[in-house]
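Side chains included, hydrogens not; waters and symmetry mates left out as well; all remaining heavy atoms used. Keep in mind it's a predicted model, so treat the numbers as computed, not measured.
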Amino acid sequence: MSHQEVNSNVHDPKFREAKQPQGGSSVAVADLFRLDGRTIIVTGAAGFMGTTLTAAILESGADVVCLDVMSSPKQEEWESIEAAAKKYSKHVSYVQCDQRSDDSVKAAFDKIVPSLRYPIRGLAACAGVSDNGPATEFPSQSFTRLLDINVTGTFRVAQRVAKETIKENVTASLVLVASMSGYVSNRGVDTAGYNSSKAAVHQLARSLAAEWGSRVGIPLIRVNSLSPGYIRTAATAEALQKPGMETQWVGDNMLYRLSTPDEFRAPVLFLLGDGSSFMTGSDLRVDGGHCSW
């Protein structure tokens, strides 16, 4: 189907009706962030962002399937996730998945799907890595690895989620975690590969949104990206030990501080839920004003 053919379909009343979001103005304000009756996939679920978002999604009413390359989650963190699921009467499961592998992604979904209470209707794609080093010395294999995990791996999971939603004939919302580094270079660190991969995630989200938001014969699948700024976690602690780095990173933000993982709960819930029903192909930048100077 050509781009012109896709655009021409918007004049077809049947097309317009098929692409209307469920609920519309009838959705109560209190329910705009609710995710009841849905299963949400979270990748990179063993990481700081993934763990925080999993708990928030459970609280918002969805069942969650956690995917991560680690064979098992950290016990203390997983106990807190299970406690949240019990508190809100939701289901949560953890499945090992290496998104660099087609076979691993297929095996994970083959295991997941038969046991679901609700259809898959969302994705929070948090899995990603960041390697740094001078571009003159940075191994090309490491550059390729960054792209395979951060871009191709994100595509592999998004593709499978889309196939499941089409099979079940349900609408969905996908959130691909990119970075403000997809817009700018980071002062004080050499991250050409990482920055390039996150710029590619922005374009991946836009391209998938264009295809899955306007194709006749499939349910509406919205795709947006989220671009966090600097986050204070154990993963960034090492970089912040470099003399002057914390002062620089803090000073680069208009809010003059670093973020914490919990500050991305509301943005992701907004993108996953009905409150963002007219939003697709967009990037939500949550960077403390870093890119607005």
- Check against side chain to side chain donor-acceptor pair (under 3.5 Å), S276 and R222: CA-CA 9 Å; S276 59; R222 297 187 295 111; 3.1 Å; yes
- Is it true that K90 and E82 make a salt bridge, defined as a side-chain N closer than 4.0 Å to a carboxylate O?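 So K90 does not pair with E82 through a salt bridge.
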- Query: Salt bridge between R257 and E263, side-chain N to carboxylate O under 4.0 Å?
  - Reply: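 So R257 pairs with E263 through a salt bridge.
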- Ring geometry between Y183 and H202 (parallel below 30°, tilted from 30 to 60°, perpendicular above 60°): tilted
Would you mind reporting whether [Y] and [X] have side-chain heavy atoms less than 4.5 Å apart?
{"X": "Y230", "Y": "T236", "result": "no"}
{"X": "L176", "Y": "N224", "result": "no"}
{"X": "M254", "Y": "H290", "result": "no"}
{"X": "F264", "Y": "T52", "result": "no"}
{"X": "P119", "Y": "E164", "result": "no"}
{"X": "L123", "Y": "V175", "result": "no"}

Taking only distance into account, with no hydrogens and no angle test, what donor-acceptor pairs under 3.5 Å do side-chain atoms of residues 128-145 form with protein atoms, sequence neighbours excluded?
residue: D131; atom: OD2; partner: R145; partner atom: NH1; Å: 2.8
residue: T144; atom: OG1; partner: S140; partner atom: O; Å: 3.0

How long is the straight-line distance from [atom2] of [Y] back to [atom1] of [X], given to the nearest 0.5 Å?
{"X": "R215", "Y": "I166", "atom1": "CZ", "atom2": "CD1", "answer": "9.0 Å"}
{"X": "N195", "Y": "M180", "atom1": "CG", "atom2": "CE", "answer": "9.0 Å"}
{"X": "L53", "Y": "T43", "atom1": "CG", "atom2": "OG1", "answer": "10.0 Å"}
{"X": "T165", "Y": "I120", "atom1": "OG1", "atom2": "CD1", "answer": "8.5 Å"}
{"X": "T54", "Y": "R265", "atom1": "OG1", "atom2": "CZ", "answer": "13.0 Å"}
{"X": "L226", "Y": "L284", "atom1": "CG", "atom2": "CG", "answer": "5.5 Å"}

Between [X] and [Y], does any side-chain donor sit less than 3.5 Å from a side-chain acceptor?
{"X": "R121", "Y": "T171", "value": "yes"}
{"X": "R285", "Y": "S292", "value": "yes"}
{"X": "N150", "Y": "S197", "value": "yes"}

Short question: side chain of [X], backbone of [Y] - any donor-acceptor pair under 3.5 Å?
{"X": "D287", "Y": "P228", "answer": "no"}
{"X": "K198", "Y": "G193", "answer": "no"}
{"X": "D98", "Y": "R100", "answer": "yes"}
{"X": "E77", "Y": "T51", "answer": "no"}

- D31/D274 under side-chain contact (heavy atoms from CB on, under 4.5 Å): CA gap, chis, key distance, verdict: CA-CA 8 Å; D31 293 334; D274 294 336; over 6 Å; no
- Message: Within the supplied structure, the quantity of interest is the number of heavy atoms (other residues, nucleotides, ligands) at a distance under 6.0 Å from R117 CZ; does it exceed 12?
- Response: yes
Please name all residues satisfying side-chain hydrogen bond (donor to acceptor under 3.5 Å, both in side chains) with [X], sequence neighbours left out, ordered by chain then number.
{"X": "Y194", "answer": "none"}
{"X": "S259", "answer": "none"}
{"X": "S225", "answer": "D283"}
{"X": "K106", "answer": "D110"}

Least distance between heavy atoms, [X] atom then [Y] atom:
{"X": "I112", "Y": "V65", "value": "CD1-CG1, 3.4 Å"}
{"X": "R34", "Y": "A30", "value": "CG-O, 3.6 Å"}
{"X": "T233", "Y": "P261", "value": "CG2-CG, 3.8 Å"}
{"X": "A46", "Y": "M70", "value": "CB-SD, 3.7 Å"}
{"X": "A62", "Y": "I40", "value": "CB-CG1, 3.7 Å"}
{"X": "T280", "Y": "V223", "value": "OG1-N, 3.0 Å"}

Is there a chain of hydrophobic side chains (I, L, V, M, F, W, Y, each step under 4.5 Å between heavy atoms) that links [X] to [Y]?
{"X": "W249", "Y": "I231", "result": "no"}
{"X": "I149", "Y": "F48", "result": "no"}
{"X": "L272", "Y": "M279", "result": "yes"}
{"X": "F109", "Y": "L208", "result": "yes"}
{"X": "L240", "Y": "V250", "result": "yes"}

- Message: D36 vs Y118, test: side chain to side chain donor-acceptor pair (under 3.5 Å). Steps then yes/no.
- Response: CA-CA 9 Å; D36 302 276; Y118 308 121; over 6 Å; no
- Task: Kindly determine whether T39 and D63 satisfy side chain to side chain donor-acceptor pair (under 3.5 Å), including the steps that lead there.
- Result: CA-CA 5 Å; T39 296; D63 287 350; 4.7 Å; no
- Task: Would you please name every residue forming a salt bridge (Lys or Arg N to Asp or Glu O under 4.0 Å) with R156, sequence neighbours left out?
- Result: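 For R156, the residues satisfying salt bridge (Lys or Arg N to Asp or Glu O under 4.0 Å) (neighbours in sequence not counted) are D102, D148.
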- Query: Under the side-chain contact (heavy atoms from CB on, under 4.5 Å) criterion, do E246 and R232 qualify, and how do the steps go?
  - Reply: CA-CA 10 Å; E246 177 152 357; R232 188 183 296 281; 2.7 Å; yes
- Stepwise side chain to side chain donor-acceptor pair (under 3.5 Å) check, D262 with T260: CA-CA 6 Å; D262 65 291; T260 58; 2.5 Å; yes
- Message: Assess the residue pair C97 and S104 against the criterion (side-chain contact (heavy atoms from CB on, under 4.5 Å)); give the C-alpha distance rounded to whole Å, side-chain angles, the decisive distance to 0.1 Å, and a yes or no.
- Response: CA-CA 6 Å; C97 178; S104 182; 4.2 Å; yes
- Intermediate values then yes/no, side-chain contact (heavy atoms from CB on, under 4.5 Å), W78 and C66: CA-CA 10 Å; W78 187 246; C66 299; 3.9 Å; yes
